Amino acid sequence: MSRNHVSATVNGDPVEFLSHPGATLLDALRDDLGLTGSKEGCGSGDCGACSVILDGRLVCSCLVLAAEAQGRRIETIEGMADGATLHPLQQKFLEHAALQCGFCTPGLLVAAKALLEVNPDPSESETRYWLAGNLCRCTGYDKVIRAVMDAAADMRQARVPA
Amino acid sequence: MSHIDYMAPASAEEAATALAAHGARALGGGTDLLVQLRAGRLPPGPIVDLKRIPGAIGIRREGGGFIIGAATPGMAIGENEALAAAWPGVVEATCLIGSTQIQGRASMAGNLCNASPAADSVPAMIAARATCVIVGPSGRRTIPVEAIAVGPGRTCLEAGEFVLEIRLPPRPPRSADAYLRSIPRTEMDIAVVGVGVNLTLDESGTIAEARVAIGAVGPTVVIAKDAAAALVGSKADDAALAKLDAAARAACRPISDKRGTAEFRTSIAGVLARRVATIAYERATSRP
Amino acid sequence: MSDVLDRPETAADLKVVGTRPVRPDGADKVTGRATFGADFAMPGMLVGKIKRSPHAHARIVSIDTRKARAIPGVKAVVTAADFPDLASEVMEGGESASNMRDIALNCMARDKALYDGHAVAAVAATSSAAADAALAAIEVVYERLPHVIEVEAAMQADAPLLHAHLFTAGLDTPPAKASNIAARNRLARGDVDAGFMEADAIVEGRYVTAAVHQGYIEPHATVAAWGADGQCQVWSSSQGQFMVRTYCAKVLGLDSSAIRVTPAEIGGGFGGKTTVYLEPLALALSRQAGAPVKMVMTRDEVFRATGPTSGAVIEVKLGAKADGTLTAANIVLKYQAGAFPGSPVVPGTMTALACYDVANFEVTGYDVVTNSPKVAAYRAPGAPISAFGVESAMDELAIKLGMDPIALREKNAVRDGVKAAYGPTFRDIGYVETLEAIRDHPHYAAPLGPNQGRGVAVGFWFNVGGESTAAVHVNEDGTAVVVTGNPDVGGSRAAMAMMAAEVLGLTVDKVRPIVADTAAIGFSMLTGGSRTTFATGMAVTQAAQKIVADLKRRAASVWEVPIDGVEWLDGSAVCLAPGKTRGAAMTLAELAATSAKTGGPISASVSLNAQGAGPGFAAHICDVEVDPETGHVTILRYTAAQDVGRAIHPAYVEGQIHGGVAQGIGWALNEEYVFDADGRMENAGFLDYRVPVASDLPMIEAIMIEVANPRHPFGAKGVGEVPIVPPLAAVANAVRRAIGVRMTELPLSPPKIRAALDGR
Amino acid sequence: MVKVAAADSAFRLYTDGLGELEVEATSVRRLIAALEARFPGLGEHVSRRMAVAIDGEIHQDADDAPLRPGAEVWLIPKIGGG
């Protein structure tokens, strides 16, 4: 039962940790690095609450072994705002009341950011299908979808890189 | 999920050696493996990550066909325009696997080696006559995709063997494929039935060659030869589609489970076969 | 209550209420900083895990924990032997009556395991791996017993008995034999037989709903620390920290004063977090281990051992005259309770006909124990189930009579002055307005394509008030803090801050709302039953009004004028009394800065038991398209009108409507508990327990009807429960009109619809 | 006098089948005491398990609530919620 030493980049900062055998990236983020913004809702990749961006790809961090993160670049909800300035998606979620309990919100925001990086002008249908892996039980998705599309419109206007 | 060792070998041969260890498991995207380990459905054992093997991730062309690295995520497959143009059915099937997040990780080879009869990409690959390159302690061999799964969750792979790449043949003229599945929701479900159809037309637009593969209606993907025969010689007209529907249903040997009844699976296989054949035919006619 | 406003302000007077400010806890929740149950950690914390029964029904012959205790790193192992064997005691713990013995036995099985997933032992260890090893090393000898899950099977005289001493309550003559039917209740009025004799048209149907889970995304989580002096602390995600305290005290035999419960942010509850599962176990483990213990459920555990709500059978017979006037109704409801009595069949019977003015009816409910997880409250508990039957039958009646389904409902609608089926006379209700709103909405007249159908259904929920405490503290700079004892599940902090700001004359950003622990605020019933904005909002408003009264007194003393010579206007005391100070004004900030000279800190607390929560009504329209070959249902369009009293924060009211509708659609289309032949849940995960995903739903149009509740200072009524009531039937009625076949069993999954189409 | 009624069958188990009663009471507390005096066990049942709707407005655990002469009083099971 060996432990793997892992060096990675999280939200632009170098991090190091020892991965426990079988530990997931989500475990490492939450337990070793103290980044509890990524949530575990299912542990099986079905709810999206643990969404992070791994080397540019949106993934469920519960389905990535911590050891796999060696040398990888990871972006989490904690890196989304620029200091005290919220990302336009975060701002629009607040303005549209696109969260109720807020538990799925970090995952939804990370997933929405990944969407706008590849598609700055998504249709409602494209947005809904992209976010189909992020379960939200409170909002019925209505305000979430509106917030994402409104943020996309603002970002196109301002040419803010996603 | 305790007592698991992890290694990420830098060559296929090293990986084969590592995988020969008792209980070792190959890790591609991990979207099935990690779930099964966590649920205790697999005994713990060493994890051999294939992603650092050169060529394990990526798509390249060779001799008019495509070579897809075993750990290439679905999202990368969907982004490859040449592949999507040549094999739209294979690509759409692969891109149906799970959510956007799953697409960021899940691979065709993983979908194949998980050996679920409901795997989305497999009927499409079988219809496309895809092959896979297997690496093992005794070297390399190439086998058709349909030879991999021998039963639910069981493959023909020997100890130490793993799929390194999947090969799609060159696309002939007037030829196309398509895939559709039936799920209860619009996303995030396992196929209750999935149908892949690959067609090649002659110059008159008549179907010269057809292959129909149906998922989730038997212990492994069913290659419906009679269904394919129903299409050959036709222009996918209503009469041919009706014969296809009946032949597809006749090929089904499904079970009833929490995801669907045998009766439902059988009838939907016929419906989807018709719809998929129509899409493939339209695609083929639009290709010079 | 002399200094209390008891009339709703008119909308025009309001500056904050009715606006849509950003919620005060929003930034933390969009940046990942908000601390939910599993996010809390303590030094030296152990990992706690639960061993669960793999059998649906089994006698526990023995439990041997010796090998588990011997594993290095294992610090505690508990079984039912570590908890007091409580006597049966019905108490008002959270909101409705609960039997503490049942709650304790549900937390930890004693003698018998009553469902797959029932806890039989728990461990605490220094690592997750050691805890897993300990669970595997606990040896439980079971004697398997026959099980029963389906509600009608459980009612049979020869069904396997869950509880040898359970005798049906509510029968005219006490039964001699034990049974799985825990209780029968009945509501009746008039002469049902005569009513059916008068009818020109009669419809009859048997409807079935599956057990469904609340499906909150956050699994249950807690950290518990038992101090060496017996003082305990609990951090947990629940709908009520006081509920957790009361239940832990009872289950463990402790004084409430020994337990301090701090509420974590809660990742959804919908009624499912109105009881305890982990907290008493974590405390018992912590006591034995001498260290804090953290327990977090897996999703599998959430499905197998918490929630759900009842699967049920609903038999409905309705009679009406040719003009649509209902003459009689006979309804029988059979609800699964799970392993212990207490299904929501009583509210199911009371709500079944609450929308209708019908002279003759009988509604009979059966509460039936089954070998499945004990049901927990779920949004308008019991009401969606009976409404599915009644609203489906109303649709059949409309078809039979050739009447428009909204017109049929308007014809029989309850109004102010009409006696509700459950007894009292309605007043200040906005039901007819919701019917008018959907009738006149462009949605109702929009054309439909082939294979498409439009369904209508209505719903009712009582809403409740209850006990709440709130404190308002004015800070030295004139800003304010609002403290309540109600966890914020869906944005209630915003509503609390807004109501306080409105009264104090502050902008909402100057008010910081806090949800306090059980040692820092007075008792408050849990967040549930759509009571928080109503009841806790009333406490907040009254506390703010006490502050205003105090501020006026202080200003009066400064100006040396009588108190009634001072008015509070837009956040300032204004002197209206004759004299040299007439017209003078002092802002809240000025009064706060000099508070030491006028009597000290400015602070007020109100504890109350709020009464008069106005009932809620909703009317929904749903359009579907059915794929006639595959049986798939697509929700094309959805419009929901609801009487909300007055929307304090309209965006979060709309959000409640959206969320309730989405849950109702899931219930209608795909959600269900699936058990195998051995009674084990087959779909205990989000892959096969299919809640709606974003691509399953259209935008949901929420129409807020505002018929003010005169008992609330701003006219609020509860809004969270009602929206889940109509969708089950709205969807089924739309499917009926799309395919011409009445679907009577939920969920309306593709195999069922395809089978119905094949049999058409 | 207030008119007291209950639609729920549990009430009738205490009242020999009567669904409506007239009771002399000026508050919920006195109503409960009067019910207990007339039908032993009923007051306790109402106090623990029932809500009291006074002229259409539901009160739970509101013993001080006044009852005007002629008030319509309905006893209904206590309501919780999700």
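Being a predicted model, the structure only gives us computed values, none of them experimental. The sequence lines fix the lettering, A, B, ..., with proteins before strands; numbering per chain opens at 1. Heavy-atom basis, side chains included; hydrogens, waters and symmetry copies ignored.
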Colleague: Evaluate the side-chain proximity of C/Glu629 to B/Asp245: yes if any heavy-atom separation is below 4.5 Å, no if none is.
Modeller: no

Colleague: What are the two closest non-hydrogen atoms of C/Pro751 and B/Phe264, and how far apart are they?
Modeller: CA-CD1, 3.4 Å

Colleague: What residue in C/Thr634, C/Val674, C/Asp676, C/Asn670 has the most heavy-atom pairs under 4.5 Å with chain B?
Modeller: C/Asn670

Colleague: Tell me, yes or no, whether the heavy-atom count around B/Lys243 atom NZ, taken from other residues, nucleotides or ligands under 6.0 Å, exceeds 12.
Modeller: no

Colleague: What part of B/Arg265 lies closer than 4.5 angstrom to a heavy atom of chain C: side chain, backbone, both or neither?
Modeller: neither

Colleague: I'd like to know whether CD of C/Gln452 has more than 12 heavy-atom contacts from other residues, nucleotides or ligands below 6.0 angstrom.
Modeller: yes

Colleague: Determine whether more than 12 heavy atoms belonging to other residues, nucleotides or ligands lie under 6.0 Å from atom NZ of B/Lys258.
Modeller: yes

Colleague: How far apart are the closest heavy atoms of B/Pro184 and C/His632, and which atoms are they?
Modeller: O-CD2, 3.9 Å

Colleague: If you count heavy atoms of other groups shown closer than 6.0 angstrom to CG of B/Asp238, is the number above 12?
Modeller: no

Colleague: What residues, two or more places apart in sequence or in another chain, satisfy side-chain contact (heavy atoms from CB on, under 4.5 Å) together with B/Thr100?
Modeller: A/Leu58, A/Trp130, B/Met75

Colleague: Answer with side chain, backbone, both or neither: which region of C/Asp627 has an atom nearer than 4.5 Å to a non-hydrogen atom of chain B?
Modeller: side chain

Colleague: Contact part of C/Ser695 toward chain B, heavy-atom cut-off under 4.5 Å: side chain, backbone, both or neither?
Modeller: both

Colleague: More than 12 foreign heavy atoms under 6.0 Å from NZ of C/Lys51: is that the case here?
Modeller: yes

Colleague: What parts of residues 187-198 of chain B touch chain C if we use heavy atoms and a cut-off under 4.5 Å?
Modeller: B/Glu187, B/Met188, B/Asp189, B/Ile190

Colleague: If we only count heavy atoms from C-beta on, is the C/Arg690 to B/Ile183 side-chain gap below 4.5 Å?
Modeller: no

Colleague: I'd like to verify something: which residue of C/Asn683, C/Val691, C/Asp758, C/Leu669 has the highest number of heavy-atom pairs under 4.5 Å with chain B?
Modeller: C/Val691

Colleague: List the steps, then state whether side chain to side chain contact (heavy atoms under 4.5 Å, CB included) holds for C/Leu687 with B/Arg259.
Modeller: CA-CA 11 Å; C/Leu687 182 62; B/Arg259 293 179 183 143; 3.8 Å; yes

